[in-house]
Amino acid sequence: MSIAENIASIKSELGEYCKLVAVSKTKPIKDLQEAYDAGQRIFGENKVQELAEKHEVLPKDIQWHMIGHLQRNKVKYIAPFVSLIHAVDSLRLIKEINKQAAKHDRVIDCLLQVHIAEEDTKFGFDYEEVQNLIFGDELSTFNNIRITGLMGMATNTSNEEQVHKEFATLSDFVEDLKSKSLPQNINLKELSIGMSGDYKIALQNNSTLVRIGSSIFGARNYQ
Ligand SMILES: *Cc1c(COP(=O)(O)O)cnc(C)c1O
């Protein structure tokens, strides 16, 4: 199937509340252009340099999402244009995003990455840290960032029940937070869960952003 057909097929499964982030990392510009021509406007990349280079040459109405681990010293390269940063995993990173966003007179939307997988190689806050951060004093002092939701990556396993449980726990956690009164720059409307292998399970657990790469563009040669 073509890139356009893959996008159409995935979009037909998403329902009203979930958006598709086309994860185009490692893929050539012509593949992204093909997705764009099929109507796709949200693209996700996991490397700052690649993201900046692709932004430079592709149409300006694309919303660029940074989905990978972000180093503080690289925030400045994407701050002028990035639309959403998915994997925010430390207060120091939040501070840097706020600082760089201020330089460009922008407010940058961010998702807090929650560590939900069994593997301890993956980045992210644990549940208690997210709670402390959200109800702590510090976040509300950052005028140039907005926390718009949470992001998680499930364990890389064929055990669907486990993946289901990890997504459901995260979804319940968000619902619980949303029922409380939150600081003004926090609005937890987005839940970024689901990749090619597990987005159907994510959709059953209130995903609002699925990050899909290989099911659109085909397998990657390297990560
Ligand atoms: C690569 C990547 C994806 C997409 O993975 P696929 O399995 O190709 O859909 C999603 N999220 C993150 C954070 C990624 O790095």
Side-chain angles (χ1 to χ4, degrees), residues 1-14 18-28 31-32 34-35 38 40-54 62-71 74-75 78 82-90 93 97 109-125 148-160 162-164 166-167 170-171 190-223:
M1 289 222 290
S2 69
I3 288 171
E5 285 167 334
N6 291 336
I7 288 174
S9 151
I10 292 165
K11 276 195 170 158
S12 73
E13 297 175 84
L14 296 188
C18 188
K19 294 183 290 283
L20 173 63
V21 180
V23 176
S24 46
K25 60 190 187 194
T26 81
K27 296 296 174 183
D31 287 7
L32 282 77
E34 199 175 327
Q40 183 63 28
R41 289 295 179 272
I42 307 176
F43 289 84
E45 292 281 338
N46 71 338
K47 297 225 161 62
V48 164
Q49 193 182 342
E50 192 175 344
L51 177 53
E53 284 169 7
K54 287 174 172 171
I62 289 177
Q63 296 163 44
W64 291 99
H65 288 196
M66 174 63 191
I67 62 169
H69 180 65
L70 178 56
Q71 287 171 298
K74 296 193 173 161
V75 174
I78 57 171
V82 72
S83 160
L84 180 65
I85 301 177
H86 284 238
V88 173
D89 62 358
S90 75
L93 178 58
I97 296 169
D109 289 347
C110 297
L111 307 180
L112 301 177
Q113 182 175 6
V114 189
H115 179 109
I116 60 171
E118 216 169 53
E119 302 120 36
D120 43 43
T121 49
K122 284 183 182 154
F123 298 101
F125 295 106
T148 57
L150 303 182
M151 178 265 205
M153 289 174 84
T155 305
N156 186 5
T157 171
S158 57
N159 181 347
E160 296 198 353
Q162 181 178 351
V163 172
H164 204 295
E166 291 170 356
F167 285 158
L170 181 58
S171 175
E190 304 292 1
L191 181 58
S192 169
I193 51 173
M195 319 188 355
S196 293
D198 58 18
Y199 75 90
K200 289 177 199 201
I201 305 175
L203 289 173
Q204 294 163 8
N205 289 286
N206 307 313
S207 177
T208 67
L209 289 165
V210 286
R211 310 176 310 269
I212 298 182
S214 40
S215 291
I216 296 175
F217 298 105
R220 289 175 296 274
N221 291 329
Y222 60 100
Q223 189 57 38

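Computation of the quantities below employed the complete heavy-atom set of this structure, encompassing side-chain atoms and omitting hydrogens, waters and symmetry-equivalent molecules. Ligands are counted one by one from 1 in listed order, and the atoms in each one are counted from 1 as well.
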Residues L84, V21; criterion side-chain contact (heavy atoms from CB on, under 4.5 Å); working and verdict: CA-CA 11 Å; L84 180 65; V21 180; over 6 Å; no
Give the atoms of ligand 1, by number and element, whose distance to some non-hydrogen atom of [X] is under 4.0 Å.
| X | value |
| --- | --- |
| S196 | 6 (P), 7 (O), 8 (O), 9 (O) |
| I212 | 9 (O) |
| R211 | 4 (C), 9 (O), 10 (C), 11 (N), 12 (C), 13 (C) |

Hey, is R220 one of the residues with a heavy atom under 4.0 angstrom from ligand 1?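 Within the 4.0 Å threshold, so yes.
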Taking the basic N atoms (NZ, or NE/NH1/NH2) and the acidic carboxylate oxygens, is any pair closer than 4.0 Å for K200 and E13?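 Yes, charged N to carboxylate O under 4.0 Å.
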Hey, looking at atom 7 (O) of ligand 1, which of A219, G218, S214 has the closest heavy atom?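 Considering heavy atoms of A219, G218, S214, the nearest to atom 7 (O) of ligand 1 sits in S214.
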Looking at S2 and E34, what are the two nearest heavy atoms and their distance?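 Looks like CB-OE2, 4.3 Å.
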Based purely on interatomic distance, does S215 place a nitrogen or oxygen under 3.5 Å from a nitrogen or oxygen of ligand 1?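 Such a contact does not occur with ligand 1.
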Geometric N/O contact G213 with ligand 1, under 3.5 angstrom: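 Looking only at distances, the answer is yes, because the N/O contact criterion of under 3.5 Å is met.
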Going from CG on L20 to CZ on R211, what distance comes out if it is rounded to the nearest 0.5 angstrom?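 One finds 12.0 Å between CG of L20 and CZ of R211.
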Checking side chain to side chain donor-acceptor pair (under 3.5 Å) against H65, which of K19, H86, E45 comes through?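 Only one option passes, and that is H86.
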Stepwise, does the side-chain contact (heavy atoms from CB on, under 4.5 Å) test hold for I78 with L70? CA-CA 10 Å; I78 57 171; L70 178 56; 4.2 Å; yes
